[in-house]
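Lettering follows sequence order; numbering is per chain, from 1.
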Protein chains: 2
Amino acid sequence: MVRQPALNAKHRAPLSTERIIEAALQIIDGQGLGRLTMRRLGDALEVEAMAIYHHLPRGKEQLLDALVTHVAAVPADAPATGRGATRWREALRGWARAYRERLLTHAGVLPLLVTRRNPAALAGTTASLREILRQGGIPERTAAVAAHTLLSYVIGHAAMEVRGTTPGGPEGPEPAGTAAVPEGPVDWDARFLAGLDLVLAGLNP
Amino acid sequence: MVRQPALNAKHRAPLSTERIIEAALQIIDGQGLGRLTMRRLGDALEVEAMAIYHHLPRGKEQLLDALVTHVAAVPADAPATGRGATRWREALRGWARAYRERLLTHAGVLPLLVTRRNPAALAGTTASLREILRQGGIPERTAAVAAHTLLSYVIGHAAMEVRGTTPGGPEGPEPAGTAAVPEGPVDWDARFLAGLDLVLAGLNP
DNA sequence: ACCTGAACACCGTTCAAGT
DNA sequence: ACCTGAACACCGTTCAAGT
């Protein structure tokens, strides 16, 4: 009989913060945030749950913070060297599409992004957005507003999408004299892009 | 000695779904979502935790759904009878301000609003927004987009605010050649209104 | 019909101990 | 330095029982 490597062998990849975050993200994406458990995470890493605390001393809180940073703290690329009104507009559009996609593939961390966790996680993202706008000739004040508006829209829209298509009719009391008509199934891709154009339309350098 | 009413007296207000939701919201607003526990909720209602299941058979899941509905499923008022471009614009602005305030005073439920829970909860809200836009002369298609855009912005912005003012600098790798400058403290009220105008600016009937 | 009490399977985390 | 095992205080929920 060929000797199998011992189950608790030491030659498996050593535990590291990166591997922990990766495994946690895989659990969230595959089974949902509610099923991310220190014990289950330990199982996925073939380690006892308590071993995680050696790399993340603040425990689950620290893990969730790290996940938010990993998913949401992505600065936008600087705009390509050429300038002109279409240049930075296209850059922002591209960033928004990529960022939305990122949020949707890791939809399980969206609730974490909304909580007060990790207050500085989005600072880099907003700063890079402001920079793109500034280079596009938008005045400082307007750029600060536009950066936050754009980020708010993308995050908010991702949240709406994650809730799923709203199949039912309206709820609650109707305002008098108004028959609110429920909307049919929504093409979220198209709607996101249309709303994005609406937000960008107000920006004139 | 005056006889005190028995502690487990029956003359306390009988348990009801309304009272349960009210008490839960009070716990969330006062101590945070993480401290909302069936047992603690029972204590607040002077009842054993298991009594809650008699009114909410699906347990905590149903409670959280009800909380989202209670906080977020508020249709916008119909615009005042007069028409003209400023009328409905003012109506939308007023709604957005009120809705944001509502979300911020119950910031603890924001993570719940983002999760897939209660998919129909926002249907009534979006429908009433579409109706206001339609009455303002905005074509059906544009109205549907604008309603979602506006709602996404308000929810997203509330989320940004709840995370707190971002005191630290940027995080993560900087794009080459760009020194992203961290922003100072933000006046969220002013920023929200400015962003709101940015979103509404693109809407021409 | 409405509420209680005990019990079950699970959490996150601590702490002393192993190698 | 890195991981384990047992233990503690807490969860949500079930189920039989009380009134």
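- Comparing dC3(D), dT4(C), dG5(D) by their closest approach to the side chain of H55(A) singles out dC3(D).
- With both pairing distances under 3.5 Å, dA7(C) is matched to dT13(D) as a Watson-Crick or G-U wobble pair.
- Remark: P of dG12(D) and CZ of R35(B) are 12 Å apart, rounded to the nearest angstrom.
- Aromatic ring pairs are classed by plane angle as parallel below 30°, tilted from 30° to 60° and perpendicular above 60°; the pair Y153(B) and F192(B) is parallel.
- Within the shown strands, dT19(D) is the pairing partner of dA1(C) under the Watson-Crick or G-U definition, both distances less than 3.5 Å.
- Rounding to whole angstrom units, CZ of residue R58(B) and P of dT14(D) are separated by 12 Å.
- No side-chain N or O of Q26(A) forms a donor-acceptor pair with one of E22(A) less than 3.5 Å apart.
- Listed pair H54(B) / dT4(C) fails the phosphate criterion, with no side-chain N or O lying under 4.0 Å from OP1 or OP2.
- Distance M38(A) CE to dC10(C) P: 18 Å, rounded to the nearest Å.
- As rounded to whole Å, 15 Å separates atom C1' of dG5(D) from atom CD1 of I52(A).
- Residues E183(A) and H148(B) form a side-chain contact, since some pair of their non-hydrogen atoms from C-beta on lies under 4.5 Å apart.
- Comparing dT4(D), dC11(C), dG12(D) by their closest approach to the side chain of V47(A) singles out dT4(D).
- Atom P of nucleotide dG5(D) and atom CZ of R39(A) are separated by 13 Å, given to the nearest angstrom.
- Atom CG of L15(A) is separated from atom C1' of dC3(D) by 9 Å (rounded to the nearest Å).
- Here dG12(D) presents its C1' atom at 14 Å from CD of E48(B), a figure rounded to the nearest Å.
- Regarding L64(B), its CG atom lies at a distance of 14 Å from the C1' atom of dC11(D), rounded to whole Å.
- When heavy atoms are screened at a 4.0 angstrom cut-off, R40(A) is found touching the sugar-phosphate backbone but no base atom.
- Side-chain proximity of K60(B) to the nucleotides dC3(D), dT13(C), dT13(D) is greatest for dT13(D).
- Side-chain contact check for V47(B) versus L41(B): every heavy-atom pair is 4.5 Å or farther apart.
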Taking it one step at a time, do V71(B) and L25(B) satisfy side chain to side chain contact (heavy atoms under 4.5 Å, CB included)? CA-CA 9 Å; V71(B) 171; L25(B) 209 51; 4.0 Å; yes
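- In this structure, of dG12(C), dT14(C), dT14(D), it is dT14(D) that holds the atom nearest to the side chain of M50(B).
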